[in-house]
Amino acid sequence: MDASLILDPLNDAQRTAVSAQAGNLLILAGAGSGKTRVLVHRVAWLIQVERVPAWGVLAVTFTNKAAREMRRRIEEMLGIPIGGMWVGTFHGLAHRFLRAHWQDAGLSQQFQILDADDQFRLVKRVLKAMELDEARWPPRQIQGFINKQKDAGLRPQHLDTGVDFFTEKMIGIYREYESARARGGLLDFADLLLCSLELLRTRPDILQHYQRRFQHILIDEFQDTNAIQYAWLRLIAGQEGSLFAVGDDDQSIYGWRGARVENIQSFQQDYPDTQVVRLEQNYRSTGNILTAANALIANNPSRLGKNLWTEDSDGEPIRRYAAFNEVDEARFVVERIRHFVEHEGYRRDECAILYRTTAQSRLFEESLLQARIPYRVYGGLRFFERAEIRDALAYLRLVGNPDDDGAFERVVNTPTRGIGERTLELLRGRARQSGISLWQAALDLIEAGELPPRAGGAIQRFVALIREQGRSSLDPDLAGITRRLIEAVGLAEFYRKNKDGKGQDRIENLDQLVDTAARFELELEDEEGDPLGTFLAHAALEAGETQGEDLGDGVQLMTLHSAKGLEFPLVFLVGLEEGLFPHSLSAEDPVRLEEERRLCYVGMTRAMQQLFVTHAESRRLYGREEYPSPSRFLSEFPPSLIEEVRGGGIARRGNPATGVWGSGSVGSGIEGFRLGQRVRHPKFGEGVVLRSEGEGSSARIQVNFAGVGAKWLVLTYARLEPVSEHPRT
DNA sequence: CAAATCGTTTTTTTT
DNA sequence: AAACGATTTG
């Protein structure tokens, strides 16, 4: 076929990678160096030039978004549907694999997936059953422990119990969790991968089939793979298959959930014949942005080393704004965005606000709302994670599999139908002692007449209700089932009456669930298997977009993590403060600190034309007023590339202490100090004016001094001098 | 048994 | 500050 069409748009390094002969390749691809493009072109090359059949290609990504994007671009390039090619996320593909081999893997045919929240609840139930105190055995921590083991490929029986009492107990809980999970016919996220791996390990025949089939395996974001994922890849590749791994150690930001950057080094050791290609030319950002990002990341000792460069001009300096508090920060950002949109011809969706933690989005949303600028928030609560949706899904799960205890507990009494804690305790007791599900326990107890009449009646009605729905669940009309279920079970009624102001929203979401089911049905048409189960798996694996795309042109708000892989002409990187970014939970540990720095690097390299970085001198955090110092990352940028911005419209700043919009200068007749202004005190050194109160001789101002913290000073006594601006270290 | 209140805890990122 | 859980009240 036409090789030139595939190779011409590429630079030398990209071309080398795309047209390499079969064999193992490691592409170290810097931010904005055309990583996805290389992957897509490689696939096209394999198919059109090397004549590899589509079903011989396996392409794995990490997120659903990336998978969709890759599939779309491959299809666009090839001009035909993707056919038998496997393109998807690790979890998605593993799920597909297990559905096909459920028998071999010893799973129930309608096994369901436990998402993070389900898993958390299950851990809690296990703890309760074991009569352990949650204060002493925090469920979050247990969940973390379990996932860590699983991500490393370790089942309870692989663990050494003899270490200490604590570990022994943890392993005990892990064991209980596993049996409860298996009893319910459930797999958690890690199980999807682990079970696939175990199946491939124990069944050479199956392994061989896949090894023969997938001669070419491409991996995106290789630095994010964990131990099992890497093992899985190696296994499928076997001796014959070619691995094409694309990654960037500087963008490894998922260490906390088991990702192992070391896999990049391991790869080179495990496959000594590996050809390494570096993509260092950046097509995204200006010179200044790249220089700053390079300088920042150079502070990480453990990296493979790489320097991005561009043919682009230096561009604008990086602009840094020191807000005096978080409200001012939001105001500044929104003001700038408005300016760019109104006067410089930017579209709103070309502007992105990136932050470290989800909670930070709220202030920006409020500011945008006030300014009547449309926006779109990514992350946060996703569609399938909403309470009402989870309720409805739990019903669906229960209908498909009454032994699903998690679903049972969630909905037996939602909406309330007179089944309270006491009754549930009876059920749990029976379930525990007979080793059966809550559903079975309910049936037993009814049969034995061992329930108090009132509770017994309620349980009986509940059982009948679920059975009733179960009867209709065989037909493939997903949307119909869902709609009927929501009505029959009383959820619709429940939320309609529910008067917390969100009832209407919830009803709308439930309606939307029906729509989603209908659309899913259409996509499903050609596939076999039970539609309900597939739908539920879909809900767990793809929690769905946070907001519909229908909002069109809006400012984009997201966490740094979800910004990976995206780019924006205008980027506002906000909240660059010690404690927030780097986050206080990571600041102590050098390894995690490096990851925070990479996160910052990721954020910076999202910017194409202009980058703004902001921090606040004071911030309300966890209900307290904090006075964080500027992030150490700020001082790692080359000072010559930074331009300090004095907030436009200082005169209109609100005084957060009084809520009054004032002139912003303090004390009448006294040399005015602006909020946010830098001042020097003979004893405390340099600081920043945070707020003021009072007038004349009683006027006080609060100043945040580096090292000393925030102090209230009486203006007439404190010998404060204004300091001319210069960037702090 | 359900609803309301009170006190407590928890604050990162997500397939 | 908000969300959660335990406790008390109806």
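Throughout, protein chains are lettered first and strands after them, A, B, ... in sequence-line order, and every chain is numbered starting at 1. These numbers come from a predicted model, not from an experiment.
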What integer distance in Å separates [X]:[atom1] from [N]:[atom2]?
X: A:Glu385; N: B:dT15; atom1: CD; atom2: C1'; answer: 11 Å
X: A:Glu577; N: B:dT12; atom1: CD; atom2: C1'; answer: 15 Å
X: A:Asn413; N: B:dA3; atom1: CG; atom2: P; answer: 9 Å
X: A:Gln119; N: B:dT14; atom1: CD; atom2: P; answer: 16 Å
X: A:Gln143; N: B:dT10; atom1: CD; atom2: P; answer: 15 Å
X: A:Glu595; N: B:dT14; atom1: CD; atom2: P; answer: 13 Å
X: A:Glu626; N: C:dA1; atom1: CD; atom2: P; answer: 12 Å
X: A:Lys124; N: B:dT9; atom1: NZ; atom2: C1'; answer: 11 Å

Closest listed nucleotide, where the reference is the side chain of [X] and the choices are [options]:
X: A:Thr423; options: B:dA2, B:dC1, C:dA1; result: B:dC1
X: A:Phe189; options: B:dT15, B:dT12, B:dT14; result: B:dT15
X: A:Arg362; options: C:dA1, B:dT12, B:dT15; result: C:dA1
X: A:His583; options: C:dG5, B:dT12, B:dT14; result: B:dT12
X: A:Arg356; options: B:dT15, C:dG5, B:dT12; result: B:dT12
X: A:Thr559; options: B:dT12, B:dA2, B:dT14; result: B:dT14

* Between A:Tyr254 and A:Arg140, who's closer to the 5' end of DNA chain B by nearest nucleotide? -> A:Arg140
* Asked: When you match A:Pro138 and A:Asn147 each to their closest nucleotide on DNA chain B, which lands nearer the 5' end?
  -> A:Pro138
* Within the 6.0 Å centroid threshold, strictly below: A:Phe111 and A:Trp102 -> no
Determine the interplanar angle of the [X] and [Y] rings, folded into 0 to 90°, and report it as parallel if under 30°, tilted if 30 to 60°, perpendicular if over 60°.
X: A:Trp256; Y: A:Tyr254; answer: tilted
X: A:Phe214; Y: A:Tyr210; answer: parallel
X: A:His91; Y: A:Phe189; answer: perpendicular

* Just checking A:Leu621: base, sugar-phosphate only, or nothing, at a heavy-atom cut-off of under 4.0 Å? -> nothing
* Asked: When we call it a touch if two heavy atoms are under 4.0 Å apart, what does A:Phe90 touch: a base, just sugar-phosphate, or nothing?
  -> nothing
* List the steps, then state whether salt bridge (charged side-chain N to carboxylate O under 4.0 Å, His left out) holds for A:Arg121 with A:Glu409. => CA-CA 10 Å; A:Arg121 286 162 192 271; A:Glu409 291 234 16; over 6 Å; no
OP1 or OP2 of [N] sitting under 4.0 Å from any side-chain N/O of [X]?
X: A:Arg592; N: B:dT12; value: no
X: A:Lys65; N: B:dT15; value: no
X: A:Arg257; N: B:dT15; value: no

* salt bridge (charged side-chain N to carboxylate O under 4.0 Å, His left out) between A:Glu625 and A:Arg620, worked out -> CA-CA 4 Å; A:Glu625 195 78 4; A:Arg620 205 158 249 285; 3.4 Å; yes
